[in-house]
Structure formats: structure tokens, C-alpha cells
Number of protein chains: 2
Amino acid sequence: MPRRHDPERRQRIIDAAIRVAGRDGIAGLSHRTVAAEADVPLGSTTYHFATLEELLVAALRQANEGFGKVLAELLPDGGRGDLAADLARALGEWLTGDRTGVELEYELYLAALRRPALRPVAAEWTEQAAALLARRTDPVTARALLALMDGICLQVLLTGGSYDEEYARTLLARLIP
Amino acid sequence: MPRRHDPERRQRIIDAAIRVAGRDGIAGLSHRTVAAEADVPLGSTTYHFATLEELLVAALRQANEGFGKVLAELLPDGGRGDLAADLARALGEWLTGDRTGVELEYELYLAALRRPALRPVAAEWTEQAAALLARRTDPVTARALLALMDGICLQVLLTGGSYDEEYARTLLARLIP
DNA sequence: ATCCCATGTGTACGAGCGTACACAACGCAT
DNA sequence: ATGCGTTGTGTACGCTCGTACACATGGGAT
């Protein structure tokens, strides 16, 4: 039996959970599905994560850390260029190609509505993003830009339509005083 | 045995489903929970709605119709007053007191991300609201205002914080050209 | 009055679920 | 080497679920 005393067992389970949630949604996440995806026995997931919610929190937190890094790259600090254009481009890169990440992000948002345990994770993400944006504008505008970006993302995801970067740039620009 | 051949049986089931979804979330919605809430036998819900998704669609569609009416009242047609102020006030009335309606609305969004069958329902709601707003501004601005309102709602719901109407009014005003 | 069929009801089945728990294996301090 | 505590594993229990289906019932066309 290989992989006995696997030092990264816990991490492998988290990674598998992210894959499952990205593929089937949070609803498809169970101890069994994660165990199968991670190729570990059922008892292993229950050992490392006593409750399913604990596993969910760990997975979503790690997923969000990844998103934060991406956003930080797309929003260089020194830039004094057109903030609206930068954000619109960032949204574009986020929404084109593999949308797994975005979908997971909004699933976290909306799942947090019903599960208080997820509230802090969602709040962390918002704070982090707001702080990044606040380097280029005032805090109030930063939060407003985030709100508008959230709304635009939702509209794109829900209508299944395509993303119009120029449209987003125009509207974001209106929010910047 | 009362209520045999209940002509409003189907409607009563839908109403019960809305109550259940509002209380426990869409996740808490099952044939059995709805049947119990509606005080009808299990077989009755499966007869009127072959699949659970069918029931979900019917319930959310009806819930959204209600929201549409409320929004129509809050946004009188003739008004040429301060649109941003009107919207901020509408958001306030929506977010204060019983938040069941708002939560259900965003749960619909969430569910629609993963269930294509719900996509049209969510799209309907957006179209309807956009049409209402377009009576007071241009269509592009209308959609942008909706997006920003969605984002603000999410932030309020997730941070569990209180709603600042003046803050919302200021930001909405920036979007109106 | 009779018959048909939409409607209503109860029960059963198989599956997946979270969780608990007894037991196995192994690193490590002693 | 020996014992112990952490880590890993397999199985079982009780529950809820969606769905299917056989049977009951009664309104309305004939």
C-alpha cells in the first residue's frame, strides 16, 4: 500500500476539493467525491477534516489566495495609467478561456449568504481586492469599482453572453471621480 | 380525507416551495420538505412536478414576478426626479427588514450558475428590471445601474453590515451621465 | 348511469450522504 | 527495542433523497 504516511495528504485533499468544486459546484462536494478525486480512502478525508464545512472553508480559502495573486499581477502598483482600462482588461482575462475560477469565486459569494462559516472567507477576498484597488484610487471608489465589476461579471456569467471590454471600460470610468 | 381534488393544489405547492427556499435556502428544498410545508402527501408534489428542477423553476419564476411588481412600485414611471436617489431608496427598502426576498434573489443567481434550466429565469428578471430602469435613462446606463446595485447588495449581505443609502446614492449618481 | 382519465395517495427501492469507530501501520522519543 | 501517539484505513449505521409505481377517487363527457 503506497503513500502511507503521506506528508502532503492534507494538501492533496484540498487540491482535489478545489477541482471537484470547480467541476461540479459546491453542491457536488462530499467527503466521498473528494476522496475519490484525491485517490485516498474515505476515512482519510474525515480524519483531516472533521466536518465537511471545514474542508469547504479550507478549499475556498486556498482558491481565493490564488485569485488574489492573479489580480495583483494584473494591477501593477506603480501604474498611473488608465485605471478603468486596466480593470476592464483584468476582467477580460478573467472571463475569457477557462471560467472555472470565476464560477468558483461567485459560488463562494453566494454560498456565504447561507453559510456563516464562509462569510469571513468572502470578506477576506473583498478586503484584499479593495486594498489592491485602493493603491490606485480612494477607498470609497475602490469598493464601488469592485461592486460594479461583480455586477458585470454576474451579468456575463448568467446571460452566458460574451464580455465587452470596451463597454466595461466606459462604465468603470464613470465611477472614477 | 379533505382537499381531494383541490383545484389549487399546484399553486399551494409552489407557495410552499417559496417559503421553504426562503427559510432554508434552495439547498433545503426537496420533494419531501415542500410536501410537508404544503401539507400534502409526497406523491402529490411528484405528480404535479415530475422533476425537482421543474418545481424549482416554477417557484423562482413566481418569486421573481413578485419582486418585479415591488420594483415597479418603487420606480414610478412619470418621475423625472433624482433617479439615483430613487434607486438608493429602493435598495434601502429592499435591504431593511425582512431580507428573505433578497436572499432568495441571489440564491437564484447562484443556482443559475450551475443549472442551465434556471438561466432563463434569471435572464428574465434582469431584462424586466432593465426595462423598468430604461424608462428613466438609456439602456446601457440602466444595465450598469443594475450591475452596481447587485454589487452593492452583495457587499451588504456578505459583510453583514448595514446599508448606507447616501453612499449608494452618490455612487449610483456617478454612473448616470 | 356509466365509463374514462386526470388527479390524488401511500409505499417501496436503491443510492448517496455524514459520521462514527475499531483496527492497522508507522515515526519517534525514550 | 519498546512503547506511544499521530496518521491512515475499512466498514458499518442511520438518515434523507429522487423517483417509480400500483392503487384509490371522483368529475365530467357520453
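Naming convention: chains lettered A, B, ... in sequence-line order (proteins, then strands); numbering from 1 in each chain.
B:V20 and B:L60 fall into different hydrophobic clusters, where Ile, Leu, Val, Met, Phe, Trp and Tyr side chains are chained together by heavy-atom contacts under 4.5 Å.
Atom P of nucleotide C:dG8 and atom CG of B:D39 are separated by 14 Å, given to the nearest angstrom. The distance between atom CZ of B:F49 and atom P of D:dA20, rounded to the nearest whole Å, is 16 Å. Atom CZ of B:R9 is separated from atom P of D:dG27 by 14 Å (rounded to the nearest Å).
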Provide a list of protein-nucleic acid N or O atom pairs under 3.5 angstrom, restricted to nucleotides 11-16 of chain C.
none

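Contact annotation: the side chain of B:E124 never approaches that of B:N64 to less than 4.5 Å [non-hydrogen atoms, C-beta and beyond]. By the 4.5 Å heavy-atom criterion applied to side chains, A:L91 and A:E165 are not counted as neighbours. A heavy-atom distance below 4.5 Å is found between the side chains of A:Y109 and A:W125. The shortest side-chain heavy-atom distance between A:R89 and A:R169 does not fall under the 4.5 Å cut-off.
Between A:E37 and A:R32 there is no salt bridge, since no side-chain N of the basic residue sits under 4.0 Å from a carboxylate O of the acidic one. The pair B:R23-B:E103 fails the salt-bridge criterion, with no side-chain N (NZ, NE, NH1 or NH2) lying under 4.0 Å from an Asp/Glu carboxylate O.
Under the salt bridge (Lys or Arg N to Asp or Glu O under 4.0 Å) criterion, B:R10 pairs with no residue at all, not counting sequence neighbours. With sequence neighbours excluded, no residue forms a side-chain hydrogen bond (donor to acceptor under 3.5 Å, both in side chains) with A:D24.
When each of C:dG18, C:dG8, C:dT9 is scored by its nearest atom to the side-chain atoms of B:P41, the top-ranked nucleotide is C:dT9.
Residues from residues 17-28 of chain B lying near DNA chain C, meaning a heavy-atom separation below 4.0 Å, are absent. Residues from residues 51-62 of chain B placing a heavy atom under 4.0 Å of any atom in DNA chain D, listed by number, are B:T51, B:L52.
The phosphate of C:dG8 (OP1 or OP2) has a side-chain N or O of B:H48 nearer than 4.0 angstrom. Between D:dT7 and A:Y47, a contact under 4.0 Å exists linking OP1 or OP2 to a side-chain N or O.
Each of A:A50 and B:R10 has a nearest nucleotide on DNA chain C; the 5'-most of these lies closest to B:R10.
Evaluation of the ring-ring contact (aromatic ring centres under 6.0 Å, His included) test over residues 43-62 of chain B, restricted to residues two or more places apart or in two chains, returns none.
Residue-environment remark: CZ (A:R115) stays at or below the threshold of 12 foreign heavy atoms within 6.0 Å.
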